[in-house]
Amino acid sequence: MKVVIRAVGPSLEVNHQPLPGRLLNPTLELYNKGSLVYSNDDWIASPQRAQIQASGLAPKDIREPAIIATLPQGPYTAIIRGKNNTAGIAL
């Protein structure tokens, strides 16, 4: 199954205003049964950049991470972290 997984932080808005407390520089990790499968910091610097853009699902902010992958069936966990252990709100 082909999936696009994104983390949204810097572009979070309420009524077209930046959300206070949003995570300004998220990172994204994808795990399968405890093993790291993929990770990304800024989608724009990803080796998958062209595929992410072509999907039509590229994040609005270049600091937001995205992963595009074809995955076999199974349990996966996506984890959003703040770069350099920063904290904030992210989806």
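For the single chain, residues carry numbers from 1 onward in sequence order.
Under the side chain to side chain contact (heavy atoms under 4.5 Å, CB included) criterion, Gln51 pairs with Gln48, Ile68, not counting sequence neighbours. For Pro75, the side chain to side chain contact (heavy atoms under 4.5 Å, CB included) partners are Asn32, Lys33, not counting sequence neighbours. Under the salt bridge (Lys or Arg N to Asp or Glu O under 4.0 Å) criterion, Arg81 pairs with Glu29, sequence neighbours left out. In this structure, Asp42 has no side-chain hydrogen bond (donor to acceptor under 3.5 Å, both in side chains) partners at least two apart in sequence or on a different chain. Qualifying side chain to side chain contact (heavy atoms under 4.5 Å, CB included) partners for Ala78, counting only residues two or more places apart in sequence or in other chains: Ile5, Leu28, Leu30.
Residues Pro10 and Arg22 share a closest heavy-atom pair of O-NE, 3.1 Å.
Side-chain contact check for Leu71 versus Val3: some heavy-atom pair is nearer than 4.5 Å. Looking at heavy atoms from C-beta onward, Glu13 lies out of side-chain contact with Asn15 at the 4.5 angstrom threshold.
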Taking distance alone, no hydrogens or angles, what donor-acceptor pairs closer than 3.5 Å link side-chain atoms of residues 57-64 to residues at least two apart or in another chain?
| unit_1 | atom_1 | unit_2 | atom_2 | d |
| --- | --- | --- | --- | --- |
| Asp61 | OD1 | Arg63 | N | 2.8 |
| Asp61 | OD1 | Arg63 | NE | 3.0 |
| Asp61 | OD2 | Arg63 | NH2 | 2.9 |
| Glu64 | OE1 | Ser11 | OG | 3.2 |
| Glu64 | OE1 | Asp61 | N | 3.4 |
| Glu64 | OE2 | Gly9 | N | 2.9 |
| Glu64 | OE2 | Ser11 | N | 3.0 |
| Glu64 | OE2 | Ser11 | OG | 2.7 |

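If you chain together ILVMFWY residues whose side-chain heavy atoms come under 4.5 Å of each other, Tyr31 ends up grouped with Leu36, Ile79. In the hydrophobic clustering (ILVMFWY side chains linked at under 4.5 Å, chained through shared members), Ile89 is joined by Val8, Leu12, Val14, Leu19, Leu91.
Residue pairs meeting the salt bridge (charged side-chain N to carboxylate O under 4.0 Å, His left out) criterion with at least one member in residues 82-91, sequence neighbours excluded: Asp41-Lys83. Pairs passing the side-chain hydrogen bond (donor to acceptor under 3.5 Å, both in side chains) check and including a residue from residues 69-79, sequence neighbours excluded, do not occur.
Asn40 places a side-chain N or O within 3.5 Å of a backbone atom of Ala66 that can act as its donor or acceptor partner.
Residue Asn84 holds its CG atom at 8.0 Å from CG of Asn25, rounded to the nearest 0.5 Å.
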For this session: Begin from the C-alpha positions of Thr86 and Leu23 and carry the test side-chain contact (heavy atoms from CB on, under 4.5 Å) through to its verdict.
Result: CA-CA 7 Å; Thr86 55; Leu23 185 58; 3.7 Å; yes
Problem set entry | Residue pair Ser46, Ile52: steps toward the side-chain contact (heavy atoms from CB on, under 4.5 Å) verdict | CA-CA 9 Å; Ser46 170; Ile52 293 167; 4.2 Å; yes
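Residue Ile44 is not grouped with residue Ile67 when hydrophobic side chains (ILVMFWY) are merged at heavy-atom distances under 4.5 angstrom, including chains of intermediate members.
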